[in-house]
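Along the sequence shown, the residues carry numbers beginning at 1.
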Amino acid sequence: MPGAESSKQGVPGHNDAFYGPVPKAEQIFDIEFLEIAPSPIPVIRSKYFFILLRGEIPPSTRQKLHLEPAHLSGATLSITLSAVLEKKKGEDIKPHTFTFPLRTAELAEGAHLGIRDATGAYVDHMALEGRSDILTDYWIPGPFVQTGIWTFEIEASLGGEGKEGTCLFALTLTQWLEGDEGW
């Protein structure tokens, strides 16, 4: 579609992400910044990368939606991966979604998701009032990555009665990943 690229709105901070697939106007978490280091994300012998997302739900939004702590304690995070591969060793990678609770947890051995409140204290889930930081340390296992253009769509949604599916934030990151097939 002509002009589609120019309509993308970048996420503040040091990253290559854009708002979406849910439009920014429909997201209730006001992102202050998103930091990804190193960027682009490495796929070299399972090298770690780190993400820090900072923001808050504005008071007017909390009041308008009648949000309660239970809506955040039941929140989920969905990550959809897809790829257009350089070497056609079969088909491109069709979208595949992983969904899990948006709370402080170990995601895999040596990989974590942490949530902090405005004081810097680690908490189980995002704060209803004030700033929240979402931090990850993770790695992409190089031997399992095929070289190509990968797209990561990340969407966080509220949980709890009457608020399921309300979008906290939605981000898309597309980048070239070099598979580590010689590992």
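Closest approach of Glu32 and Pro12 over heavy atoms only: O-CB, 3.5 Å. Here the closest heavy-atom approach between residue Trp139 and residue Ala111 is recorded as NE1-CB, 4.0 Å. Scanning both residues, Asn15 and Val11, for their nearest heavy atoms gives ND2-O, 3.3 Å. Nearest heavy atoms, Gly13 versus Glu35: CA-OE2, 3.6 Å. When all heavy atoms are compared, the tightest approach of Ser73 to Arg103 is O-NH1, 3.0 Å. The heavy-atom pair separating Tyr19 from Gly10 by the smallest distance is CE1-O, 3.5 Å.
Rounded to the nearest 0.5 Å, atoms CZ (Phe18) and OG1 (Thr172) are 9.5 Å apart. Annotation: the span from Ile115 atom CD1 to Thr104 atom OG1 amounts to 4.5 Å, rounded to 0.5 Å. In this structure, Ile134 CD1 and Leu102 CG are separated by 5.0 Å, a value rounded to the nearest 0.5 Å. Put simply, CD1 on Ile31 and CZ on Arg54 are 13.0 Å apart, with the number rounded to the nearest 0.5 Å. How far CD of Glu129 is from CG of Leu72: 11.0 Å, rounded to the nearest 0.5 Å. Distance CG/Leu128 to CD/Glu56: 11.0 Å, rounded to 0.5 Å.
Put simply, Leu158 and Val123 are part of the same group of oily side chains (I, L, V, M, F, W, Y) that touch within less than 4.5 Å, one to the next. Phe100 and Ile51 fall within a single hydrophobic cluster, where Ile, Leu, Val, Met, Phe, Trp and Tyr are joined by side-chain heavy atoms under 4.5 Å apart, directly or via other members. Hydrophobic cluster membership differs between Phe29 and Leu52, with clusters built from Ile, Leu, Val, Met, Phe, Trp and Tyr side chains linked at under 4.5 angstrom. Phe33 and Leu171 are assigned to two separate hydrophobic clusters, defined by single-linkage of ILVMFWY side chains at heavy-atom distances under 4.5 Å. Note on Val22 and Ile79: separate hydrophobic clusters, where clusters join Ile, Leu, Val, Met, Phe, Trp and Tyr whose side-chain heavy atoms are under 4.5 Å apart, directly or indirectly.
Using a distance-only test at 3.5 Å, with no hydrogens or angles considered, no donor-acceptor pair links the side chain of Thr76 to the main chain of Thr99. A donor-acceptor pair is defined here as one N or O able to donate and one able to accept, closer than 3.5 Å; no such pair exists between the side chain of Thr97 and the backbone of Thr80. The backbone N or O of Leu85 sits less than 3.5 Å from a side-chain atom of Asp92, completing a donor-acceptor pair. Side-chain atoms of Lys163 do not come within 3.5 Å of backbone N or O of Glu68 as any donor-acceptor pair. At distances below 3.5 Å, at least one donor-acceptor pair connects side-chain atoms of Ser132 with backbone N or O atoms of Ala127.
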Query raised in the report: Please walk me through it: do Leu65 and Ile57 pass side chain to side chain contact (heavy atoms under 4.5 Å, CB included)?
Result: CA-CA 11 Å; Leu65 296 177; Ile57 301 172; over 6 Å; no
Requested in this report: Kindly indicate, with the supporting measurements, whether the criterion side chain to side chain contact (heavy atoms under 4.5 Å, CB included) is fulfilled by Trp150 and Ile93.
Outcome: CA-CA 9 Å; Trp150 286 75; Ile93 296 174; 3.3 Å; yes
**Report entry** Ile36 vs Ile41, side chain to side chain contact (heavy atoms under 4.5 Å, CB included): CA-CA, chis, key distance, verdict
**Finding:** CA-CA 8 Å; Ile36 301 175; Ile41 295 170; 4.0 Å; yes
Query raised in the report: Step by step, would you call Ile154 with Phe169 a side chain to side chain contact (heavy atoms under 4.5 Å, CB included)?
Result: CA-CA 8 Å; Ile154 297 96; Phe169 58 86; 4.2 Å; yes
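Atom NE2 of His14 sits in a sparse spot, with 12 or fewer heavy atoms from other residues, nucleotides or ligands closer than 6.0 Å.
Between Leu107 and Phe98, the closest side-chain pair of non-hydrogen atoms is not below 4.5 Å. Residues Met126 and Leu168 meet the side-chain proximity criterion, which asks for heavy atoms closer than 4.5 Å.
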